[in-house]
K.L.:
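To start, I am sharing the structure in question, which I have written as structure tokens.
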Amino acid sequence: MFITGIILITIGVTFSTLGALGLVRMPDLYNRLQTSTKATTLGAFSTIIGVGFLNPSWLIKTIVIATFILLTAPISSHNLARASHKWGIPLSDKTSVDKYDSKAGKEE
Amino acid sequence: MNSSNYFSRWFFGFIVLSLLWLAFTFPFSLAELYTGLAIGAFISLFTAKYFEEFGISSFAPSKILGLLIYIPIILWEIIKANIEVAIIVLSPSLPIKPAIVTAKTKLKSDIGKMFLANSITLTPGTLTVDIIDDTYFIHCIKIDKTDEKYAIDSIIGKFEKHLRRFVK
């Protein structure tokens with residue numbers, strides 16, 4: 001139990017760090033959102049589950065908390081990306097194609 | 001809307017809320033249990049009108065089995081994609097090739113589309129920007145081809161065939 005918990009927390013901290021690094025290195029908002037989903041999925045998820053393994057009486061509660069994070073995190077990412085695109089925040093020069101651009105106006 | 005009657009919808013909400021309550025207060029005392037059940041019954045009286053579209057039929061064994069199979073699949077996809085994005089972030093040349101591509105889904109129900117969109121966004125490297133009818137606009141951090149067929153095969157396909165077991 002103890003070893004599993006330590007391993008899970010180490011994985012979580014590693015991926016949170018990589019998410020933060022990606023946030024600095026990526027060229028535009030959309031790619032930054034991509035790397036920040038990494039911090040929320042494996043980062044927060046395995047840290048919380050790892051705490052549950054360290055203290056087994058909390059395990060069920062931590063699984064419920066992790067499930068709520070997994071259900072709600074993508075909605076905020078999606079809304080940030082959609083609002084930014086509608087507001088006209090440009091994509092980076094490396095972007096090869098933007099198929100949303102031509103259809104975005106039709107919806108209104 | 002393929003709606004079931006009010007009682008069945010209320011009962012579904014009641015069961016789900018009660019199970020959540022039991023999970024949260026796990027070594028529970030009897031007084032906590034009764035309070036939780038009463039509050040769960042009370043809350044689902046109000047939410048039944050808007051949520052729990054399919055009522056008790058959501059508890060069909062085939063649907064629960066489908067969901068239980070889906071959870072390890074999505075966790076595995078998340079781990080794989082996490083490692084891929086970690087390699088991109090760590091490599092000095094930053095080998096990204098972003099694009100917003102379209103992909104059409106075969107799923108019909110709102111809840112099915114919601115599951116698929118959340119699965120895509122949870123996987124690092126792909127992000128659902130918008131859904132218009134059955135067309136998904138997906139931002140990818142690195143994609144080789146931008147035509148629709150490739151996008152359907154590489155992004156949507158791996159989730160859709162498992163989702164179709166328990167949502168329409």
Side-chain angles (χ1 to χ4, degrees), chain A residues 11 14-15 17-28 30-31 33-43 45-46 57-61 63-65 67-68 70-78 80-86 91-92 94-101 103-104 106-107, chain B residues 19-27 71 74-75 78-79 81-92 94-103 114-115 117-133 135-148 151:
Chain A
I11 293 173
T14 312
F15 277 98
T17 316
L18 289 175
L21 183 65
L23 211 57
V24 178
R25 290 199 69 197
M26 287 299 165
D28 67 349
Y30 304 93
N31 290 310
L33 276 177
Q34 300 274 23
T35 52
S36 71
T37 53
K38 185 169 66 202
T40 51
T41 53
L42 259 194
F45 187 82
S46 49
S57 62
W58 294 353
L59 187 58
I60 295 179
K61 284 175 211 183
I63 289 175
V64 175
I65 295 170
T67 312
F68 275 118
L70 283 191
L71 283 176
T72 52
I75 296 169
S76 62
S77 292
H78 154 75
L80 282 171
R82 185 168 181 270
S84 314
H85 202 288
K86 292 216 180 259
L91 288 91
S92 80
K94 289 185 178 176
T95 308
S96 50
V97 65
D98 179 8
K99 292 196 178 159
Y100 187 47
D101 208 20
K103 298 219 176 155
K106 278 186 194 171
E107 200 195 3
Chain B
L19 286 179
L20 272 180
W21 173 260
L22 291 187
F24 257 126
T25 58
F26 177 55
I71 290 169
I74 176 128
L75 285 180
I78 286 174
I79 293 170
N82 261 303
I83 293 168
E84 274 169 31
V85 177
I87 291 171
I88 292 177
V89 169
L90 285 176
S91 39
L94 207 63
I96 58 171
K97 215 190 238 179
I100 295 182
V101 295
T102 56
M114 188 276 283
F115 261 109
N118 271 4
S119 306
I120 292 169
T121 311
L122 266 181
T123 319
T126 53
L127 179 105
T128 314
V129 179
D130 205 353
I131 309 170
I132 299 174
D133 296 330
T135 309
Y136 282 69
F137 296 86
I138 304 166
H139 182 273
C140 305
I141 197 165
K142 190 181 185 189
I143 191 160
D144 302 329
K145 296 179 220 152
T146 54
D147 61 314
E148 184 162 332

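Within every chain, numbering begins at 1; the chains are lettered A, B, ... in the order of the sequence lines, protein sequences first and strands thereafter.
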K.L.:
Sort out for me which of Ile71(B), Leu90(B), Leu122(B) touches chain A most, counting heavy-atom pairs under 4.5 Å.
P.N.:
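Counting heavy-atom pairs under 4.5 Å, the top option is Leu122(B).
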K.L.:
Is there a side-chain contact between Asn31(A) and His139(B), using heavy atoms and a 4.5 Å cut-off?
P.N.:
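Result yes, sub-4.5 Å side-chain heavy-atom pair found.
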K.L.:
Of the backbone (N, CA, C, O) and the side chain (C-beta and beyond), which part of Ile120(B) lies under 4.5 Å from a heavy atom of chain A, both, or neither?
P.N.:
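Contact with chain A involves no heavy atom of Ile120(B) at all.
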K.L.:
Under 4.5 Å between any side-chain heavy atoms of Met26(A) and Val89(B), yes or no?
P.N.:
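Heavy-atom side-chain distance check passes, below 4.5 Å.
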K.L.:
Is it the side chain or the backbone of Ser119(B) that comes within 4.5 Å of chain A heavy atoms, both, or neither?
P.N.:
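Looking at Ser119(B), nothing touches chain A.
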K.L.:
How long is the span from the CD1 atom in Ile83(B) to the CG atom in Leu42(A), to the nearest 0.5 Å?
P.N.:
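If I round to the nearest 0.5 Å, the distance is 7.5 Å.
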K.L.:
What is the minimum heavy-atom distance between Ala23(B) and Val64(A), and which atoms define it?
P.N.:
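So the two residues come closest at CB-CG2, 3.5 Å.
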K.L.:
Side chain from CB out, backbone as N, CA, C, O: work out which of these in Tyr30(A) comes under 4.5 Å of a heavy atom of chain B, or both, or neither.
P.N.:
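Looking at Tyr30(A), backbone and side chain both touch chain B.
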K.L.:
Is there a donor-acceptor pair under 3.5 Å between the side chain of Arg25(A) and the backbone N or O of Pro92(B)?
P.N.:
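Yes.
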K.L.:
In this structure, which one of Val85(B), Asn82(B), Ile79(B) forms a side-chain contact (heavy atoms from CB on, under 4.5 Å) with Phe15(A)?
P.N.:
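The option that passes is Asn82(B).
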K.L.:
Take His85(A) and Asp130(B) through the side chain to side chain contact (heavy atoms under 4.5 Å, CB included) test and state the conclusion after the steps.
P.N.:
CA-CA 10 Å; His85(A) 202 288; Asp130(B) 205 353; over 6 Å; no
K.L.:
Taking every heavy-atom pair that is under 4.5 Å apart, which of Leu70(A), Ile11(A), Leu33(A), Thr35(A) has the most such pairs with chain B?
P.N.:
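Most heavy-atom pairs under 4.5 Å with chain B: Leu70(A).
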K.L.:
Measuring heavy-atom distances to chain B, does Ile63(A) have an atom under 4.5 Å in its side chain, in its backbone, in both, or in neither?
P.N.:
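The answer is neither part of Ile63(A).
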K.L.:
State the NE2-CG distance between His78(A) and Asn118(B), to the nearest 0.5 angstrom.
P.N.:
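The NE2 atom of His78(A) sits 9.0 Å away from the CG atom of Asn118(B).
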